[in-house]
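Notes for the one structure printed next.
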Amino acid sequence: MNFPIHPASISRFMRADLPTRPHQYKMLVDGKWTPSLSGETFTRQSPGNDMIVGEYAKAGAADVDLAVTAARKAFDAGSWAYMAAEDRARILTRTAELIRQNADRIALLEALESGKVISQARAEMDWSANLWDYCAAVARTLHGDSHNNLGANLIANVMREPIGVVSIITPWNFPLLIISQKLPFALAAGCTAVVKPSEFTSATTLILGELLLEAGLPAGVVNIVTGFGNTAGQRMLDHAAVDMISFTGSTNVGKLAVRASAGTLKKVSLELGGKNAQVVFADANLEEAADAIIEGAFKNAGESCNCGARLIVERSVRDELVERVVERARQVQVGDPLDPAAQIGAIINQAQLDKIVGFVDGAKRDGVEVLLGEGRVPSDAGLFVYPSILMGVDRHMPVANDEIFGPVLSVMTFETAEEALSIANQSEYGLSAAVWTSDYETAITFSRRLQAGTIWVNTYSSGPAELPFGGYKQSGIGRENGRAGVEEFTELKTVQFHFGGRQNWWANGRR
Ligand code: NDP
């Protein structure tokens, strides 16, 4: 196992860019940068180096009310909802360009606040910009439907209209990427929004707000509040003037969103947790699979809803595959998020680190063999863990079922495809899964029976903007990305046009 890369190895370029004091941020309400009404603030300490990197306005319910009022006013005025798609698309495209132009600055803040490694943060900037570009295209091709087969006197238009004001709440693991899976889709549909990023990673969402204004977005269309989930977030779920909740985060808070939505029957779209299976058949290309397995399990320090945390491998190739996986995992560099060579950065906060270490310790007590991973990485500053590979995991153990949200891979085996399917589908989650086989028939039949919203065959974690993403079971409701991602933010309205003489209802005895 490699020791963490020493902070001295941070490139001089990155070190020069480190903030000398915390950035101070305001919230975006009705096109203006404002402090919270209470004047209260909160700070964010970087999990990579313990430095305080940001100070934020702490929104309360009254701040959220102002933001919702601004979004409501902007929606009801109709200037955004009825703006020609061509013009809306121009703003989305311009935003994509601005994300690319500011990618280094945003990626640095993303790495400082989330602890993710800088190389990955940089890649996520391009991925995010691409989503804004995609939405510009969909905005221009979104349309309703027309029916002219309803008889001689009736034609109908089915209009696809924006749903209205959307509360968008996001987590800390992919801050810019996840807001980019929601906001441009809502905007493409013609909605207005109130956005709340996670208290741990607010910076890049606020910078996105700057870029949107620069791109020409009218005031009030996007409002960004910063603060805590149980106050500001809860108000965004409860508010009567909000038409839809779009939430990504834990399954527990997702359930709170569903409960809160009942008050005014808001539409709810949820992207929640996962405990994703990587199923490897004996005929698979084990070399390719081994690489994808460690990427799936350890990328973003396993703090990913798509984390491929369960390796379910055919018994006859278990030892050969696990040997390859362990050999590669040993090379993975855990280290300072700002070091370009690091592959696993810091863990988001102490509670998350304790949770990860607790699961590995619990598995040891249950008699599981720890092939790799000694728990917390000793370091002068920051929160780091070694990636862990657990062998001999029983399918009923907590590590086989609970979402750990850390770099922990549990290895289980199967003898038959039925057994593999039963283990893969036993999870209460159903976000994603991978199948490794060189047999086309196995790939198709197995994929059809897996209960997950995304299935990767002989790959892992690709996600083109065109393809819908979302979960089965307790991994969520609704879909993001693709055309479905924009349609989530719309309502259908049926308009029937009658012409010619109308048959009299009463006189003809029609009922
Ligand atoms: P949380 O559910 O704790 O938080 C997500 C967001 O919800 C944060 O902005 C948080 O605010 C807010 N929040 C917390 N409590 C409330 C509340 N009562 N009312 C309204 N909002 C609230 O998740 P994490 O941020 O810890 O993210 C990790 C989880 O997200 C994992 O379970 C993971 O699987 C899931 N996830 C799912 C993805 C998917 O696409 N399926 C993608 C990424 C993550 P604050 O933090 O400021 O308190």
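Order of listing sets the numbers, starting from 1, for every ligand and every atom in it.
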*Part of L237 within contact of ligand 1 (heavy atoms, under 4.0 Å)*: side chain
For residues 190-197, run the donor-acceptor check on the side chains, cut-off 3.5 Å, and write out each pair with its distance to 0.1 Å, sequence neighbours left out.
{"unit_1": "T192", "atom_1": "OG1", "unit_2": "A71", "atom_2": "O", "d": "2.8"}
{"unit_1": "K196", "atom_1": "NZ", "unit_2": "G227", "atom_2": "O", "d": "3.2"}

*asked:* Check this for me: does any side-chain nitrogen of one of K182 and E480 sit under 4.0 Å from a carboxylate oxygen of the other?
replied: yes
_Between R310 and S427: side-chain donor-acceptor atoms closer than 3.5 Å_ = no
*asked:* For atom 26 (O) of ligand 1, tell me which residue out of Y56, W172, F469 has the closest non-hydrogen atom.
replied: W172
*Considering only heavy atoms, does T248 approach ligand 1 within less than 4.0 Å through its side chain, its backbone, both, or neither?*
both
*side-chain hydrogen bond (donor to acceptor under 3.5 Å, both in side chains) between Q120 and N300, intermediate numbers included*: CA-CA 8 Å; Q120 191 194 314; N300 211 50; 2.9 Å; yes
*How close does the nearest protein non-hydrogen atom get to atom 40 (O) of ligand 1, and which residue and atom is it?*
E271 CB, 3.2 Å
*If you count the atoms of ligand 1 from 1 in the order shown, which ones are under 4.0 Å from a heavy atom of I169?*
6 (C), 7 (O), 9 (O), 12 (C), 20 (C), 21 (N)
*Among protein heavy atoms, which lies nearest atom 13 (N) of ligand 1, and at what distance?*
G229 CA, 3.4 Å
*Below 4.0 angstrom from a heavy atom of N173, which ligand 1 atoms are there? Numbered from 1 as shown, please.*
43 (C), 44 (C)
_Contact (N/O only, under 3.5 Å) between L256 and ligand 1_ = no
_For S461 and W456, which I'm curious about, is there any donor-acceptor pair between the side chains at under 3.5 Å?_
no
*Check the pair L131 / N481 against side chain to side chain contact (heavy atoms under 4.5 Å, CB included), numbers first and verdict last.*
CA-CA 8 Å; L131 288 161; N481 297 357; 3.8 Å; yes
*Heavy-atom distances under 4.0 Å are what count here, so tell me which part of I178 touches ligand 1: side chain, backbone, both or neither.*
side chain
*Which option, T226, L431, I168, T170, owns the non-hydrogen atom nearest atom 6 (C) of ligand 1?*
T170
*Flag side-chain contact, heavy atom, 4.5 Å: Y460 against D291*: no
*Write out the residue and atom name of the closest protein heavy atom to atom 2 (O) of ligand 1, then the distance separating them to 0.1 Å.*
S250 OG, 2.6 Å
*Less than 4.0 Å between atom 19 (N) of ligand 1 and some protein heavy atom, yes or no?*
yes
*asked:* On a heavy-atom basis, I'd like to know which of K196, E199, E403, M236 is closest to atom 10 (C) of ligand 1.
replied: K196
*asked:* Closer than 4.0 angstrom, basic N to acidic O: yes or no for K275 and D402?
replied: no
*Evaluating non-hydrogen atoms only, which member of S198, G249, G470, G274 is closest to atom 36 (N) of ligand 1?*
G249
*Below 4.5 Å, heavy atoms only, C-beta onward: do L208 and T95 meet side chain to side chain?*
yes
_Listed once per pair and sorted, the ring-ring contact (aromatic ring centres under 6.0 Å, His included) pairs that draw on residues 29-71, sequence neighbours left out_ = Y25-Y56, F42-Y56, F42-F228
*Report yes if the side chains of I245 and M236 come closer than 4.5 Å at any heavy-atom pair, otherwise no.*
no
*asked:* With nothing but distance in play, are any N or O atoms of F405 less than 3.5 Å from an N or O of ligand 1?
replied: no
*Nearest protein heavy-atom contact for atom 7 (O) of ligand 1: which residue, which atom, what distance?*
F247 CE1, 3.2 Å
_Part of F174 within contact of ligand 1 (heavy atoms, under 4.0 Å)_ = neither
*asked:* Ignoring hydrogens and geometry beyond distance, is a side-chain donor-acceptor pair present between T264 and K266 at under 3.5 Å?
replied: yes
*Considering only protein heavy atoms, which is closest to atom 37 (C) of ligand 1, and at what distance to one decimal place?*
L272 O, 2.9 Å
*Around atom 39 (C) of ligand 1, find the nearest protein heavy atom and jot down its residue, atom name and distance.*
C305 SG, 3.1 Å
_Taking a cutoff of less than 4.0 Å between a non-hydrogen atom of the residue and any ligand atom, is G227 in contact with ligand 1?_
yes
